[in-house]
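This is a predicted model, so every value here is computed, not measured. Counting convention: from 1, in listed order, for ligands and their atoms alike.
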Amino acid sequence: MIDVLNLKKTFDTIEALKGISFNIAQGECYGLLGPNGAGKTTTISIMSTLVEPNEGEINIAGIDLRTNPQECKKNIGVVTQELALYNELSAYDNLLFWGGLYDVPKPELIARIDQTMKLFGLFDRKNDKVKTYSGGMKRRINIASALLNKPKILFMDEPTVGIDPQSRNLIFEVVEKLRKEGMTIVYTTHYMEEAERLCDRIGIIDNGKIIAQGTLNELKTSGSMKESVVISFTNLTDAHHSSIANDWKDLLRFDDTLHFYTMDIQGDLSKIIMKCSNIGLDISKIDIKKINLETIFLSLTGKKLRDT
Ligand SMILES: Nc1ncnc2c1ncn2[C@@H]1O[C@H](COP(=O)(O)OP(=O)(O)O)[C@@H](O)[C@H]1O
Ligand SMILES: [Mg+2]
């Protein structure tokens with residue numbers, strides 16, 4: 001349904017995309033997971049014809065995007081990272097405006113607006129001005145407006161950033177429903193929980209490149225992923241750190257916390273704790289980290305997905 005080959009994009013001197021490729025089958029929910037600045041929005045913007053790439057091929061629903069962008073657009077709904085809504089208009093009038101840009105007969109459009117407002121739990125508030133809406137409600141309207149042309153493909157760029165848990169859950173439910181109905185979805189996020197829950201396949205993106213790709217299970221079992229013991233200390237110094245690093249090669253430090261990677265948590269846990277206590281370290285917290293997308297990202301890049 002979507003074929004992207006060797007996409008490159010440079011802004012002035014910044015190489016935002018350094019050769020991105022992926023294929024997405026019809027009905028798949030594909031997650032682009034990566035930290036801020038990885039290139040997610042640039043990828044979505046190019047696929048939705050808002051930004052031109054420097055290089056690369058894109059085929060959407062059998063249509064070449066570079067030679068036939070208008071035809072491509074007909075198949076696509078886009079939920080941009082930045083909200084595009086008129087605050088002084090009601091939610092209903094916003095949808096009427098955005099929906100009016102599509103080639104949908106008015107009675108049909110009105111029926112679709114009612115339907116999507118119900119889907120997003122905002123039908124009762126449809127005549128209220130958008131400026132009275134919470135961030136989560138605005139986001140729901142933003143997604144609703146992307147669905148009015150009944151697209152085959154939906155691009156969602158970090159749709160849950162900065163919204164309340166209730167709106168987030170509702171958005172998850174809508175994504176799951178659309179996916180069940182056979183819509184092809186590209187969903188970008190820097191929250192691994194979202195990619196794990198919603199996506200059939202995930203591309204991990206960092207620094208303008210996809211560094212790993214597959215189903216969650218494939219990502220977990222590919223490479224030599226290890227589980228980790230994460231210990232926080234009240235008195236960790238550089239000296240402690242190097243003393244431990246002598247014994248434990250597979251180690252990362254974040255401030256007061258050490259990450260010990262191991263293939264055998266059960267067997268290694270007591271050894272690790274003993275070592276720490278022998279050199280006078282005071283433990284404030286111990287966490288056992290099973291393999292998940294966050295740990296996969298960390299092991300591939302040495303970085304956390306999020307700063308917090
Ligand atoms: N219009 C632009 N002008 C200059 N640099 C940009 C522009 N858009 C994005 N970038 C840069 O490209 C890189 C990728 O950005 P982006 O695609 O927005 O990442 P993400 O959505 O994953 O956070 C970043 O370094 C960003 O600063
Ligand atoms: Mg972005």
Neighbour count >12 (heavy atoms, 6.0 Å) for atom CD, E57: no

N, O or S from Q81 under 2.8 Å to the Mg ion (ligand 2): yes

Side chain proximity check, L170 to R140, heavy atoms < 4.5 angstrom: yes

Note, N235 side chain near D256 side chain (heavy atom, < 4.5 Å): no

Heteroatom test (N, O or S) for T42 near the Mg ion (ligand 2), limit 2.8 Å: no

Cation-pi check, K9 onto F11 ring (under 6.0 Å, within 45° of axis): yes

I60 vs I76 side-chain heavy atoms within contact, under 4.5 Å: yes

Near ligand 1, at a heavy-atom separation below 4.0 Å: residues by chain and residue number: F11, I14, A16, P35, N36, G37, A38, G39, K40, T41, T42

Over 12 non-hydrogen atoms of neighbours within 6.0 angstrom of CG in D255: no

Centroid-centroid under 6.0 Å between Y30 and Y187 rings: no

